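What follows is a single structure, written as structure tokens, with notes after it.
Just follow the structure's listing: the first ligand is 1, and inside any ligand the first atom is 1. Remember, predicted model here, so these are calculated numbers, not experimental data. Atoms considered below: every heavy atom in the structure, side chains included; atoms not considered: hydrogens, waters and symmetry mates.
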Amino acid sequence: MSDAGAWIRPMRAADVAAAERLTATAYAGADRVLGPPGARADDGDPGRPAAPVAHPGRRDPVRAEQWRRRTAHLLATDPGGCWVAEDDGDLRGVAVSFTRELMWVLASYAVAPGAQGRGLGRVLLEAALGHGRGCLRGMLCSSPDPAAVRRYRLAGFALHPHMLLTGAVDRTALPVLGRLRDGGTADRDLLDSVDRRARGAAHGPDHEVLRATTARLVVADRPTGQGYAYLGTEGSPVLLAATTRRVAEDLAWEALASAPVGAEVRLERVSAANQWALDVGLAAGLAVHQRGYLALRHCRPPTTYLPHASLL
Ligand SMILES: CC(C)(COP(=O)(O)OP(=O)(O)OC[C@H]1O[C@@H](n2cnc3c(N)ncnc32)[C@H](O)[C@@H]1OP(=O)(O)O)[C@@H](O)C(=O)NCCC(=O)NCCS
């Protein structure tokens with residue numbers, strides 16, 4: 001039992017719906033305090049633009065379903081990485097983590113607003129970190145919430161600020177691109193091999209969920225370099241990985257080119273190691289903001305890689 005009077009126990013499939021609601025409320029609470037610009041933490045489809053929220057503290061139905069689907073998937077692959085805090089039958093906190101090829105990843109982490117600041121978050125994070133005991137490396141996308149940032153740094157993670165580029169694409173800036181094609185299930189080995197080179201671990205079974213929760217998969221498979229990007233409904237890249245800077249740039253441009261004319265697109269989670277993404281976004285007329293962190297343990301920031309908010 002924690003100081004907050006709640007029990008920590010492994011998450012069950014029946015907890016997923018309540019965990020979705022709890023995380024939406026907790027992230028919205030942090031956003032209210034921290035304000036814009038833009039990137040809500042782990043909201044289910046980071047490729048979608050930040051539309052006004054009809055009911056603050058609730059995801060729209062599509063994002064909510066994506067969150068549940070992704071979490072049910074992680075609970076199935078990594079039951080030992082998913083924990084909840086419960087008090088008198090009510091969910092008070094959640095931490096969802098998983099491992100892929102010696103990389104530990106934190107997908108979701110939240111404590112109900114009324115229960116924050118009393119040590120529940122620390123106990124939940126410790127439980128999730130226990131799942132990654134055999135993994136030297138670890139990564140997660142941190143919200144800007146000072147309590148979250150404090151927890152991650154105290155747990156030994158290096159913090160790398162993330163930039164966010166937003167705006168409507170200047171279509172006169174769109175360049176001619178090298179060869180790209182739409183991808184599919186047959187590309188799984190190629191994607192895994194790109195991931196191993198770009199971030200040190202394959203996504204493996206997560207590609208199924210990524211395909212099901214994004215609008216399009218674009219692949220580059222050239223003698224000089226490989227890469228891929230999952231695109232959100234408005235064209236923003238939800239996850240981008242490449243073996244060369246040229247391929248990464250082409251994938252980002254393809255994402256921006258596919259956005260509807262005048263729509264707000266987002267290049268999210270751009271760490272300082274990815275200046276090429278800054279150059280692409282600025283050339284396309286987007287504005288730069290800073291929001292959140294890439295938190296890493298025993299690995300360098302990937303250089304041709306824009307991580308997924310929760311599957312990284
Ligand atoms: C991040 C979160 C899960 C932590 O849960 P919690 O129960 O509040 O965490 P704890 O009480 O164990 O620890 C919070 C720490 O931050 C500190 N803290 C709280 N508010 C703070 C603030 N505004 N500035 C600096 N430190 C702060 C607390 O003192 C505590 O540190 P300590 O244990 O060394 O005293 C929770 O705050 C939350 O849900 N935040 C909103 C959602 C979010 O951003 N999640 C992270 C997604 S990446």
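- Note: Tyr109 OH to Trp83 CH2 = 14.5 Å, rounded to the nearest 0.5 Å.
- Close approach of ligand 1 to Gly117 (heavy-atom distance below 4.0 Å) involves ligand atoms 6 (P), 7 (O), 8 (O), 11 (O).
- With ligand atoms numbered from 1 in the order given, ligand 1 contributes 10 (P), 11 (O), 12 (O) to contacts under 4.0 Å with heavy atoms of Gly119.
- Across the listed options Val149, Asp145, Thr25, Asp145 owns the non-hydrogen atom lying nearest to atom 37 (O) of ligand 1.
- At least one N/O-N/O distance between Arg151 and ligand 1 falls below 3.5 Å.
- Considering Ala110, Cys141, Pro146, Pro113 only, the shortest heavy-atom separation from atom 24 (N) of ligand 1 involves Pro146.
- Residue Gly121 has at least one nitrogen or oxygen atom sitting less than 3.5 Å from a nitrogen or oxygen atom of ligand 1, judged on distance alone.
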Indicate every side-chain donor-acceptor pair of residues 148-160 with a distance under 3.5 Å to a residue at least two apart or in another chain.
{"residue": "Arg153", "atom": "NH1", "partner": "Phe157", "partner atom": "O", "Å": "3.0"}

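- For His203 and Tyr230, the gap between ring centers reaches or exceeds 6.0 Å.
- Contacts of Arg150 with ligand 1, taken as heavy-atom pairs under 4.0 Å, involve the side chain alone.
- The Arg122 neighbourhood of ligand 1 comprises atoms 12 (O), with distances under 4.0 Å to a heavy atom of that residue.
- Between atom 21 (C) of ligand 1 and the options Ser142, Ser108, Ala147, Ala115, the minimum heavy-atom separation is to Ala147.
- Against a heavy-atom cut-off of under 4.0 Å, Ala148 is close to the following atoms of ligand 1: 1 (C), 46 (C).
- Counting heavy-atom neighbours within 6.0 Å of Arg188 CZ, excluding the residue itself, gives a total above 12.
- Counting heavy-atom neighbours within 6.0 Å of Glu208 CD, excluding the residue itself, gives a total of 12 or less.
- An N or O contact shorter than 3.5 Å is missing between Tyr152 and ligand 1 by distance.
- Scanning both residues, Trp104 and His131, for their nearest heavy atoms gives CD1-C, 4.3 Å.
- For ligand 1 and Leu120, the ligand atoms under 4.0 Å from any heavy atom of the residue are 7 (O), 12 (O).
- Looking at residues two or more places apart in sequence or on another chain, you find a salt bridge (charged side-chain N to carboxylate O under 4.0 Å, His left out) between Asp182 and Arg216.
- A donor-acceptor distance shorter than 3.5 angstrom exists from the side chain of Asp78 to the backbone of Thr99, with no hydrogens or angles considered.
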